[in-house]
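This report concerns only the one structure given below.
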Amino acid sequence: MPGADGSGFGIEHLPYGVIRGAASEPRVAVRVGDRALDLAALHEAGLLAVPGLSAAVLSAPTLNRFLELGRTVWSATRAGLIELLSAGESGADRVGALGERALVPLAEVEVMLPVAVGDYVDFYSSLEHATNLGRIFRPGGEPLLPNWRHLPVAYHGRAGSIVVSGTPVRRPLGQRPPQAPNGAPSFGPERQLDFELELGFVTGAGPGAAVPAGGSGAAVPAGGAAVPAAAAAEHIFGVMLVNDWSAREIQRWEAQPLGPFLGKSFATSVAGWITPLEALAAHRVPGAEQDPPPLPYLRTEEAWALDLELEVAIVPAGSGAEVTVTRTNARELYWNMAQQLAHATSGGAVVRAGDLFASGTISGPDPTSYGSLIELSWGGSRPLVLDGVERTFLEDGDTVVMRGVAPGGGGRALLELGEVRGTVLASSAG
C-alpha cells in the first residue's frame, strides 16, 4: 500500500483499532501507514470473507465481539488482510475501488478506545523498577519483599478510568501524608503526579467457567478455568502501550495494608491501536533469568519476552520542545505475559474478551532507562532539566508521550506501536 512500507505500520503489522468519522458510526479497522482500513467496508464488498466473521462484529463500537471469536478467526482475518494487501496492483485496485469508504486518512477520523475493558490488572514485573522503589522507600533495607521473585505481584485496577491516547488527564485530589511526624494528613491536589511506562496485553475469552457436576438443575460453580502458561498464546490477542498515571503522595499514604486505591484509580491511558501477538512473532526473545526457578505452574518453554524499544518524552507546559527522558526495552521485564496470565487465573479468576493486563513500570538497569519520574528524580531529590525548566514530578500543562518500536533488521520488519499521549490538567479544586 502507498506510504505503508517503512512507516512501522506496513502489512507486516496491521494493528487493530476502532475509528469513527464525522458522519459515521464506529467501525473496526487496521492501521496501514497513515490511513485506517475499514474492515466492515471490506467485508461488505466481499473482500474479507472469514468463516465466523460477520458485518455486525466489524461494525461494533469496540473490538470485544471480534476478540470473543478466538485465535482461529484472529489468524484467518490477519491472513486474509495480508493476502489482499500483498496482491500487488490487483489488491490495491480492489481496495482502491472502494475509495475513502475503506481506506480513510487518520486525520479525518477519531481513533476510539479500542476495547471495553471489563477487568484491568496491573502487575509489578520489572526487577529494576521494584528494586529502585524498594531502595527509595526503604533505604538500607532489602529492596525486594520476600514474595517478589516467586510470583508476579499485581493488583486489580479500575477499568472505568481507562482512556484512549490523547485524552487529557486531570490532576487528582486525595489525602496526602502528614508533612511532619505525628502530624495530620491534608486533602488537596496531588503534588507528585507521575507517569508509568508500561506494556499491556489484551485477551480474548478464557477457557470458561467450570462445568456443573450434577444434573440440569445443578448450580454452576463460580470461577473459571486456569490458563496454563503453555496455552497463553491462545488467549492473548495483542499488546499496547500503557501509561498508568500515578499519584505518589496519595498512594504512599493509602497503600498500607491493602495496596493502591485512589492513587491509581483516576486515569490509565492506552494506545488506540493493538498490535497482534502474531505480528510480534519474530520479536519474541528469551527473557531474564529467573532465580530461583518459578513454581511449575509459572514455567514456560517458549520465548515470551518482547524486543520492543520504548521511550518517554515530556513537553513541559508552555514549551513546544519535546524532551526524551527515558529509553528502555520491554525485554528487560522479569515476569512475562504467559506467567502473568497463568498466575492471574490460577485461583479461579475468569478471563473475558477485552480484559487488560499491564506489565507495571518497565525500567532498565541504568538511570537513563528508568520508567517513571519517581525513579528518574530519585524520589524528587534529583530534578530533571527539560527545555530550561526543572521537573521532579509532572506539572499542570505538561504533556507525556510514550512510543515503542519493534526494531527491524535480520529478517524482521520494523513495527511501530501506537503511541500514548496525555496532557495534565489542573485539579478540579484549582
Side-chain angles (χ1 to χ4, degrees), residues 119-138 141-159 196-203 206-207 222-236 239 242 244 246 251 254-261 263-264 268 284-306 330-352 355-365 371-372 375:
D119 277 305
Y120 167 46
V121 177
D122 191 30
F123 286 91
Y124 192 43
S125 299
S126 165
L127 174 63
E128 291 78 11
H129 175 67
T131 300
N132 287 340
L133 290 196
R135 287 173 176 163
I136 291 170
F137 294 132
R138 298 183 296 276
E142 171 55 47
L144 296 179
L145 296 177
N147 63 349
W148 197 91
R149 288 182 180 270
H150 295 278
L151 57 86
V153 174
Y155 69 94
H156 283 83
R158 186 167 179 81
E196 290 190 345
L197 171 61
E198 305 194 16
L199 187 70
F201 67 86
V202 176
T203 60
V227 176
E234 291 299 308
H235 303 281
I236 296 175
V239 305
V242 175
D244 196 35
S246 184
Q251 184 178 352
E254 73 182 2
Q256 300 298 330
L258 294 181
F261 186 41
K264 300 292 290 184
T268 299
R284 288 172 60 173
V285 295
E289 181 182 353
Q290 295 181 324
D291 182 24
L295 293 175
Y297 79 102
L298 292 173
R299 294 176 189 168
T300 56
E301 299 298 328
E302 298 179 61
W304 267 104
L306 295 176
R331 68 190 304 165
E332 305 282 357
L333 287 169
Y334 187 89
W335 295 105
N336 64 52
M337 294 184 290
Q339 292 172 320
Q340 291 163 0
L341 187 58
H343 183 65
T345 60
S346 63
V350 175
V351 176
R352 295 176 292 184
D355 284 353
L356 174 63
F357 297 79
S359 62
T361 304
I362 303 173
S363 294
S372 63
E375 296 169 89

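This one's a predicted model, so the numbers in the text were calculated from it and none came from an experiment.
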Say whether, by atom type as modelled, one donor and one acceptor occur between the side chain of [X] and the main chain of [Y] under 3.5 angstrom.
X    : Y    : answer
T131 : E128 : no
E234 : A231 : no
R331 : V285 : no
T345 : V227 : yes
R149 : D291 : yes
E254 : F261 : yes

Which value, rounded to the nearest 0.5 Å, describes the distance between [X] atom [atom1] and [Y] atom [atom2]?
X    : Y    : atom1 : atom2 : result
S372 : D244 : OG    : CG    : 11.5 Å
Q340 : S359 : CD    : OG    : 7.0 Å
T203 : I236 : OG1   : CD1   : 8.5 Å

If you take all heavy atoms of [X] and [Y], which pair is closest and at what distance?
X    : Y    : result
I362 : L199 : CD1-N, 3.8 Å
L298 : A342 : CD2-CB, 4.5 Å
Q251 : P260 : NE2-CG, 3.9 Å
E198 : G360 : OE1-N, 2.9 Å

| message | Set out, in order, the CA-CA distance, both residues' side-chain angles and the distance that settles salt bridge (Lys or Arg N to Asp or Glu O under 4.0 Å) for K264 and E196, then state yes or no. | response | CA-CA 11 Å; K264 300 292 290 184; E196 290 190 345; 2.8 Å; yes
| is_close_aromatic(H129, Y124), centroid dist under 6.0 Å |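 Centroid separation for H129 and Y124: below 6.0 Å.
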| message | Between W148 and Y334, is the ring centroid distance below 6.0 Å? | response |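 Judged by ring-centre distance (under 6.0 Å), W148 and Y334 do meet the cut-off.
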